[in-house]
Amino acid sequence: MPFNPLVQEPEIQKRWLSENAFASPSSSGMKGRRKFYALVMLPYPSGRIHMGHVRNYTLGDIAARFQGMRGAAVCQPLGWDAFGLPAENAAIQNNIHPAAWTRQNISDMKAQIVSMGVSYDWNREIATCFPDYYRWNQWLFLRMWERGDVFRAERNVNWCEALGTVLANEQVIDGKYERTGDAVVQKPMEQYFLRITKYADELLNDLDDLDWPENVKAMQRHWIGRSEGAVVRFQVSGGGKEETGDSRGTGKHEARPRDASATASRNLSTATCCIEVFTTRLDTLFGVSFMALSTEHPLIAEAAKTDDALRRFCERIAAMGREERLACDVKEGCRTPIVVLHPFTGDTVPVFAANYVLMDYGSGAVMGVPAHDERDNEFAKKYGLPIVKVIESNDPFEKGTLINSGRFNGMSSDAAVDAMVGDLKGMAERSVTYKLKDWGLSRQRYWGTPVPTVHCDRCGVQPVPASDLPVSLPEDIVFTGAGPSPLTTSAAFLRAVCPVCGGPARRETDTMDTFVDSSWYFLRYLDPQNAGAPFSRAEADAWMPVDLYIGGIEHATAHLVYARYFHKVLRDLGFVGCDEPFKKLICQGMVLKDGAKMSKSKGNVVDPDDVIARYGADALRAFMAFAAPIEKEIDWIGFEGIEGASRFLRRVTRLVDDYCEQDMDGESNIREPRDGSVPAGSAERLLAGGVWSAEEKLLLHKLNVAIKRITDDLEVRYQFNTVVSSLMELANDISALPADAPRRREIMGCALSVFVRLMSPVAPHLAEQLWEQLGGKGFCMNSSWPEYETAWLETDEQLVVVQINGKVRGRVTVKSNADDEERKGAALACPEARAHLIGKEIRKVIVVPGGKLVSIVV
RNA sequence: GCCGGUGUGGCGGAAUGGCAGACGCAGUCGACUCAAAAUCGACCGCCCAAAAGGCGUGGGGGUUCAAGUCCCUCCACCGGCACCA
């Protein structure tokens with residue numbers, strides 16, 4: 001049968017689907033089989049798949065199909081990250097409802113993915129925009145609310161005055177709304193937060209044991225940003241300052257989004273006349289010559305009310321856009337009337353507002369030690385502040401021995417920190433600060449999960465009772481792109497009852513960040529129809545953790561941190577039994593075109609549909625697997641690569657066709673499985689067959705080596721490019737068998753049956769076609785993975801490389817059972833070696849383990 | 001600046017410390033053909049006319065009988081973070 005993927009592939013896909021070939025069992029149906037949970041990152045239904053999807057899904061499918069043939073119960077689901085901004089934009093632009101737009105996109109993309117032949121279990125398909133999914137977002141929100149893991153606080157949002165609406169970060173470019181160019185400013189709004197910082201240490205420490213790429217783990221460590229040091233309080237000097245004290249401890253600031261360090265610092269900030277700083281270098285305390293506070297620090301804001309210069313400075317810094325401010329690395333400050341006292345010397349220390357101090361890290365205040373900190377040094381020079389050296393060391397910014405530090409002189413930096421903390425009882429203590437921020441959940445948009453709360457004038461913000469879920473998105477919404485959140489336009493939606501007092505209440509119009517949807521979807525796949533719980537513990541126990549997670553590196557921090565966090569919360573709620581959701585992670589490289597990212601705007605997009613329409617899915621899959629190691633970029637220079645893959649598949653088809661015509665005599669060479677698992681015609685059966693010609697032996701040897709290599713590459717190394725090169729090599733070896741080989745018919749039957757199965761994960765459609773042609777029963781994908789026979793990994797004779805002083809000088813062939821002495825003798829006797837050994841004294845002869853090389857030292 | 005990574009033919013890449021360049025792409029020559037396509041065969045790192053030989057995995061050094069692989073050092077490039085106190 002000719003290679004005609006454009007006709008064959010859709011037919012085979014139809015059969016797979018109609019016979020439910022990709023279905024995975026539930027926990028009760030696994031029959032003691034090993035499980036393999038293969039996962040790809042939840043796609044956004046944008047409407048078309050691109051080459052990145054193709055690469056991602058191909059590689060995942062190769063692993064999943066291999067594991068299935070290897071005997072594992074495989075779960076490989078797919079679903080849709082169906083909430084989000086583009087659907088709302090489409091609604092505004094094209095007057096189509098986000099739900100309709102999303103449904104259409106899902107159906108289009110699903111058809112494309114089916115045409116790739118990926119073995120997804122569509123029975124487990126989910127879409128996050130359906131109430132039977134997002135109700136569980138709401139339900140989990142309520143459970144987290146009960147645990148005290150949800151809080152409300154004020155935080156800046158991107159506010160567009162012209163449109164009267166809040167915008168997402170990706171809608172704001174250079175301080176303007178990307179569409180209209182209207183100005184966007186930062187404006188504080190009260191929103192919901194999840195206390196992810198509670199898990200900061202666990203999220204950091206558990207990274208060590210994950211089989212993840214090193215760069216992703218490094219990015220997460222950096223994102224969490226744990227930093228050990230101490231908190232110190234400096235007393236504000238002079239009278240009349242009480243009212244300007246740090247308001248951290250007051251009711252208002254209790255509601256601020258808190259980073260993890262705030263917990264430790266709270267005890268220290270009860271007094272109202274202190275400035276609190278976090279430092280990693282408490283040992284430099286005697287070198288403090290100024291204090292630098294963020295322009296947004298409450299004390300500065302207070303002082304600016306009565307100090308015009310300070311107010312103008314703060315306004316100027318505030319007027320700078322976020323990006324402009326980060327790009328500017330010139331230190332600037334403004335002296336304030338505030339003065340604090342040094343906790344040991346009692347000296348007065350001036351307080352500055354400074355542009356280089358961030359309000360959202362530590363306490364928004366820094367103790368300035370110009371002699372031992374580069375930034376403080378630059379600042380002190382600019383404003384003529386004293387630079388006092390208090391550490392003796394090779395590098396002024398490193399730890400060392402204390403000088404000019406009173407009774408601490410002579411101590412090491414580490415010892416001094418302990419001593420100072422001891423002496424400053426109540427005014428200082430060891431502390432840890434993180435860069436990780438609590439997770440701001442609120443989005444003021446329509447197409448997302450409604451936050452299940454109501455606002456009651458009497459009872460405040462109250463959660464909706466679980467029995468009232470889901471809080472469904474209303475359909476009667478007008479999308480204009482301007483004005484407040486679209487949800488506020490539905491009167492029926494807004495009308496609610498307070499669950500506490502029963503009085504009238506206004507429903508919450510915030511929706512949830514879509515990262516919530518993607519933080520636990522891999523658990524819903526396991527029990528997608530469950531109407532009483534997000535998923536059952538039995539299914540989670542049966543399938544979790546995910547064995548292989550493949551996706552783009554762009555999710556290295558946000559999604560992969562949030563999902564780990566949710567998983568830990570679910571563990572603490574008793575829903576899952578393991579600590580981490582994703583055992584092994586692979587981030588596949590991008591598919592580029594001429595060195596640049598494919599994008600519509602550049603017009604350099606190669607559409608997978610076009611490629612499949614021309615070459616078929618198998619050729620595209622084989623190319624994707626073969627082109628480069630999985631984590632590297634692929635540059636789609638032209639169609640040469642896929643031509644090569646297609647050529648390979650045609651060659652294989654011809655090989656089987658020729659065999660069927662010439663050798664099979666119309667009768668199947670693959671008989672019924674002997675014991676229900678290993679089909680007859682396998683290499684091990686042929687081993688017992690007796691006498692073989694040299695070429696036949698060589699082919700059987702290579703066949704077994706290929707089985708071992710390919711199995712190893714798929715199972716242990718996840719190196720898919722060499723899987724394909726091994727297949728190509730084996731195809732070449734099979735075609736090299738002489739036409740007059742005495743037992744050609746038997747050996748070809750065996751070799752091709754093995755080959756087709758080895759090829760099946762990469763080129764599943766052609767494998768089915770050839771499997772059927774060879775007389776195989778059922779789907780090739782349901783046949784068993786070939787096993788190699790250890791004895792065939794060896795040959796009767798072995799090549800021994802002869803090295804003299806590390807240079808290859810000759811080669812000899814010996815019997816495989818030759819011992820080291822015989823190998824030595826053969827090596828010394830070979831003519832090339834003898835020529836090089838004339839007149840030289842042999843000092844040492846080494847036979848390497850395995851005996852493949854003899855090294856002679858003269 | 002800090003962190004992570006990568007440097008191998010014209011290109012993509014292969015190689016548990018043991019024959020560097022597997023496999024493929026591109027290319028050259030040949031066969032088949034009226035011709036083309038497809039297919040098949042041969043060649044395909046550099047130096048030398050060739051053989052023999054020498055050189056060769058970013059540079060330099062080291063460990064080893066043996067280094068693309070391990071160690072030190074320098075360089076280049078890619079990615080992430082970046083005034084994080």
Side-chain angles (χ1 to χ4, degrees), chain A residues 213-223 225-227 229 259 261 277-281 284 291-292 294 325-332 354-358 360-369 372-376 378-379 397 433-435 553-554 556-557 587 589 622-623 626-629 631-645 647-648 650-651 654 709 712 717 719 721-732 735 799-811 832 835 843-858:
Chain A
E214 216 35 65
N215 58 339
V216 175
K217 292 208 254 184
M219 281 159 80
Q220 292 212 352
R221 288 191 186 103
H222 193 269
W223 170 275
R226 186 178 202 274
S227 187
D259 53 43
S261 68
V277 300
F278 172 75
T279 176
T280 54
R281 292 296 305 277
T284 64
M291 302 290 291
S294 167
R325 200 169 153 185
L326 290 175
C328 154
D329 57 359
V330 180
K331 311 274 171 297
E332 273 193 278
N355 67 341
Y356 72 96
V357 181
L358 309 170
D360 59 0
Y361 183 77
S363 56
V366 175
M367 64 179 211
V369 185
H372 303 291
D373 182 279
E374 229 172 327
R375 295 154 308 197
D376 296 346
E378 194 188 326
F379 191 83
F397 306 126
T433 289
Y434 301 84
K435 287 188 212 170
I553 186 82
E554 67 272 18
T557 44
C587 293
F623 168 74
F626 180 59
E631 70 285 355
K632 290 192 81 172
E633 289 173 340
I634 293 179
D635 199 339
W636 186 285
I637 293 167
F639 286 81
E640 290 87 356
I642 198 146
E643 295 270 9
R647 197 146 44 214
F648 163 64
R650 279 201 299 274
R651 216 165 119 81
R654 211 175 318 120
R709 276 202 61 183
D712 201 48
R717 305 201 315 157
Q719 187 162 293
N721 55 329
T722 50
V723 168
V724 181
S725 59
S726 294
L727 286 171
M728 289 171 165
E729 222 171 326
L730 182 56
N732 293 343
S735 23
L799 188 71
V800 174
V801 173
V802 184
Q803 281 189 352
I804 297 172
N805 283 354
K807 284 190 162 48
V808 177
R809 294 300 181 181
R811 295 171 178 86
E832 298 92 338
R843 288 171 42 205
K844 212 199 280 188
V845 180
I846 296 158
V847 181
V848 306
K852 283 185 195 158
L853 185 141
V854 176
S855 185
I856 303 166
V857 190
V858 297

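Naming convention: chains lettered A, B, ... in sequence-line order (proteins, then strands); numbering from 1 in each chain.
One interatomic measurement links the two molecules: CE of Met219(A) to P of C78(B), which rounds to 17 Å at whole-angstrom precision. One atom, CH2 of Trp223(A), and another, C1' of C3(B), lie 16 Å apart when rounded to the nearest Å. If you measure from atom CZ of Arg843(A) to atom P of U64(B), you get 12 Å, rounded to the nearest angstrom. The CG-P distance, from Asp360(A) to C83(B), rounds to 10 Å in whole Å. Residue Phe648(A) contributes atom CZ, which lies 17 Å from atom C1' of U39(B) at whole-angstrom precision. The distance from atom CH2 of Trp636(A) to atom C1' of G13(B) is 17 Å, rounded to the nearest whole Å. The CZ-C1' distance, from Arg654(A) to U39(B), rounds to 6 Å in whole Å.
Residues forming a ring pair (Phe, Tyr, Trp, His ring centres under 6.0 Å) with Trp223(A) (at least two apart in sequence, or on another chain): none. By the side chain to side chain donor-acceptor pair (under 3.5 Å) test, Asp373(A) pairs with Arg375(A), sequence neighbours left out. Here Asn805(A) pairs with Val857(A), Val858(A) under the side-chain contact (heavy atoms from CB on, under 4.5 Å) rule; sequence neighbours left out. Checked against side chain to side chain donor-acceptor pair (under 3.5 Å), Asp712(A) has no partners two or more places apart in sequence or in another chain. Under the side chain to side chain donor-acceptor pair (under 3.5 Å) criterion, Arg650(A) pairs with Ser646(A), not counting sequence neighbours. Every residue meeting the side-chain contact (heavy atoms from CB on, under 4.5 Å) condition with Phe648(A), not counting sequence neighbours, appears here in chain and number order: Val652(A), Leu727(A), Met728(A), Ala731(A), Phe755(A). The side-chain contact (heavy atoms from CB on, under 4.5 Å) test applied to Val848(A) returns Leu853(A), not counting sequence neighbours. Among residues two or more places apart in sequence or in another chain, the side chain to side chain donor-acceptor pair (under 3.5 Å) test is passed with Gln803(A) by none. Partners of Arg221(A) under the side-chain contact (heavy atoms from CB on, under 4.5 Å) rule, at least two apart in sequence or in another chain, are Leu204(A), Leu207(A), Asp208(A), Glu214(A), Lys217(A).
Separating the C1' atom of C77(B) from that of G59(B) is a span of 15 Å, rounded to the nearest Å. Going from the C1' atom of U57(B) to that of U8(B) covers 4 Å, rounded to whole Å. Comparing the C1' positions of G9(B) and U28(B) gives an interatomic distance of 16 Å, to the nearest angstrom. With C1' as the reference atom, C78(B) and C72(B) are 24 Å apart, rounded to whole Å. As rounded to the nearest Å, G5(B) and C11(B) have C1' atoms that lie 22 Å from one another. Look at the C1' atom in both G30(B) and U16(B): the space between them is 41 Å, to the nearest Å. Distance check on atom P: C47(B) versus G10(B) gives 10 Å, rounded to whole Å. Comparing the P positions of A67(B) and A52(B) gives an interatomic distance of 24 Å, to the nearest angstrom.
Toward the 5' end of RNA chain B, the nearer of the two residues Ile637(A) and Lys435(A), judged by each one's closest nucleotide, is Ile637(A). When each of Asp376(A) and Asn805(A) is assigned the nucleotide of RNA chain B with its nearest heavy atom, Asn805(A) is the one assigned upstream, toward the 5' end.
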- Whether each nucleotide of nucleotides 14-31 of chain B has a protein heavy atom under 4.0 Å at its base (B), only at its sugar-phosphate (S) or at neither (-) is summarised, 5' to 3', as SSS-BB--BBSSS-----
- Message: Apply side chain to side chain contact (heavy atoms under 4.5 Å, CB included) to residues Tyr356(A) and Asp376(A) and explain how you reach the verdict.
- Response: CA-CA 10 Å; Tyr356(A) 72 96; Asp376(A) 296 346; 2.9 Å; yes
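Of the inter-residue distances, the one linking Thr433(A) atom OG1 with Arg226(A) atom CZ reads 10.0 Å to the nearest 0.5 angstrom. Expressed to the nearest 0.5 Å, how far CD of Glu633(A) lies from CD1 of Ile553(A) amounts to 11.0 Å.
Classification of G9(B) as syn follows from a glycosidic angle within 90° of 0.
Taking 4.0 angstrom as the limit, Thr557(A) places none of its side-chain polar atoms (N or O) nearer than this to OP1 or OP2 of G80(B). Side-chain nitrogen and oxygen atoms of Arg650(A) include at least one within less than 4.0 Å of the OP1 or OP2 phosphate oxygen of U39(B).
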Filtered N/O pairs between nucleotides 4-10 of chain B and protein, under 3.5 Å:
| from | atom 1 | to | atom 2 | distance (Å) |
| --- | --- | --- | --- | --- |
| G4(B) | O2' | Asn215(A) | N | 3.4 |

- For RNA chain B, what dot-bracket results from Watson-Crick or G-U pairs at under 3.5 Å, with [ ] for crossers and | for inter-strand partners? (((((((..(((.....[....))).(((((.......))))).(((.....)))..(((((..]....))))))))))))....
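The number of heavy atoms from other shown groups lying within 6.0 Å of CD (Glu374(A)) does not exceed 12.
Closest to the side chain of Lys844(A), out of C65(B), C83(B), U39(B), is C65(B).
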